[in-house]
Amino acid sequence: MTAILTACSAEKATTPKIDDFKYSVDKFADIEILRYRVPDFENLSLKQKELVYYLNQAALEGRDILYDQNNKYNLCIRRTLEAIYLNYPEDKNSPDFQRMTTYLKRVWMGNGIHHHYSEDKFVPEFSEKFFMDAVRSIDPATLPLLPGERPNDLINKLLPIIFDPTIYPKRTNQADGVDLIQTSGNNFYSGVTQKEMEDFYAKMKNPKDSTPVSFGLNSKLVKDKGNLIEETYKVGGLYSAAIVKIVGWLEKAAAVAENEKQKEVINTLIEFYRTGDLKTYDKYSIKWVEDLASDVDFVNGFTETYGDPLGMKGSWESIVDFKNTEATKRTEIISSNAQWFEDHSPIDPKFKKEKVKGVSAKVITVTMLAGDCYPATPIGINLPNSNWIRHEYGSKSVTIENITEAYDQASLGNGFTEEFMWSDVERERAKKFASMTNNLHTDLHECLGHGSGKLLPGVDPDALKAYGSTIEEARADLFGLYYMGDPKIVELGLLPDKEAYKAEYYSYIMNGLMTQLTRIEPGKNIEEAHMRNRQLIAAWVYEKGKANNVIEMKKRDGKTYVIVNDYVKLRQLFGQLLSEIQKIKSTGDMEGAKKLVESYGVKVDQTLLTEVLERYKKLNLAPYRGFVNPVYKLVKNSKGEITDVSISYDENYVNQNLRYSKEYSSLPTFN
Ligand code: ZN
């Protein structure tokens, strides 16, 4: 039984170097599982590390809540399959056992029996007979049996849920014209019709209330003897056992908070978990959004409402993070030099802003992903969701750089660059610089690009109509591209090397001319605005640079490649196009916008598309990715005092999920 725990010595925390780090850990069905690094964790103070540790623990304790919210049989199915996985007495290499293992991995990925993205129920590839035999073959004490229940009862209960495709086919149904509650597989409502639910909440809402709470966010709506009641998620209410544990860790976290304000944030969240009072939740959200001084930060609670077809019930999620000081410095440098960039931009002076203000974004490093952020996670967060709080108190918008790093680095090792890049020169440069240049390009795009330039007086901001968003994205992208190659960038310390920008130039052109086509179906053209913008830019500079051989499309062994021959001229072309696009935007030149987008951004060379799709298919890449978390441990001296928190990265996907199910699983099988 101890085989599921990786031995992990209490070594000193160190962040492995990018080069030595193996990002990809597992692959099954349509999923690849990655690891992520936590750079600079070792540089936090001991108290901050402790705080992170307790918040991490609070994050992990909520895992079962989400399983139960997603479907009421999820915990029972997960526990049954895990029992089989651990205790199956026969051949674990048999095809049926392997297929069941894949199914279990998918259940962990989806936090239940539905796909995390499509929300369709998984189709098991192992047989019903295998499932029945396996359940009967193991010690009943290891199965999640209810009092008086026998293995055969469990089998009868679960067979249709796992194998019948007509039962709970979809987790969240958004289809028009049916009862969205009764046709959704999730567990936010019980015995309630959509009409009853809508009437129930309509009665609660007061149109004159300018500060309404998020009705229904933290409860299950249940019909009991003809009456509708909310079973609130709180200490002493629904999911109490897990919430009690969460609160216990939050109390420890509050005791080592970085400052009074943060302590209040945590204590208000504790009060909310104790009372279930949504007014208290709003108080907490306001304190949370106002806490900008702390380095360590977290999300913990019933947060996003995408899981409810009617957008009211909050799925439980948590992340823990700390400020990425280096990267945040980067966005602050960019933002504080906004006027210099505006003044030196290669556009007509009459379209420039006399006074420009950059936006600086906070960049964070996550230490733990949990609940609805695990294993699949967003790469940025913008909270809280309450509209009036956003309006009156603002919101926190962050990007998670250690996750984007993992995505970028994993992509470098998966055969993609080997297949599509021209030579080792481009591949080496990408390995060294792609992650940082990609982040910098995003920063320049977001912090400066969209905010630069101005419309001439009287020009309607919507003058470019359907072409508006493609032109606007192209403008922001070009602003970033143009400046990435500027010596000023190295001078400001934003890139370490004057060659680094070439990594972004090459990948941008390769993507725009060729590899983004992997997302287009045969026979189709490009419709999405960002994709149009990228092809527009790449195709335009390709054509305009032809006379000077700036970019080439070359064939080798029947395969097409992109080669950039002259990066300096390429930068000038980016500047020229920026100037043209700014003119279109500033003057509201609809015809100019249309001509540019239609000539360069839309049409797809179908022969090239077929070639790219074939090459891509052979790489056998997983369309979706999830993560495993690092493992944190308290390090204590002989007197039992905490002296450090260690971090290790060697736990694999299976062991991690089995360990979570063992150590952080306090809820009953049915709630
Ligand atoms: Zn944009």
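As the structure lists them, so they are numbered: ligands from 1, and atoms in each ligand from 1.
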J.: Are R171 and Y306 in a cation-pi setup, meaning NZ or CZ lies under 6.0 angstrom from the ring centre and within 45 degrees of the ring axis?
T.: no
J.: Say whether H441 and E504, considering side chains only, have a donor N or O and an acceptor N or O under 3.5 Å apart.
T.: yes
J.: How about E473: does one of its N, O or S atoms come closer than 2.8 Å to the Zn ion (ligand 1)?
T.: yes
J.: To check your reading of the site, what angle at the Zn ion (ligand 1) do NE2 of H450 and NE2 of H445 form, to 10°?
T.: 90°
J.: Any N/O/S atom, side chain or main chain, of H530 closer to the Zn ion (ligand 1) than 2.8 Å?
T.: no
J.: Take the angle between the ring planes of Y117 and Y624 and call it parallel below 30°, perpendicular above 60°, tilted in between.
T.: tilted
J.: Is there a donor-acceptor contact under 3.5 Å from the side chain of T470 to the main chain of N533?
T.: no
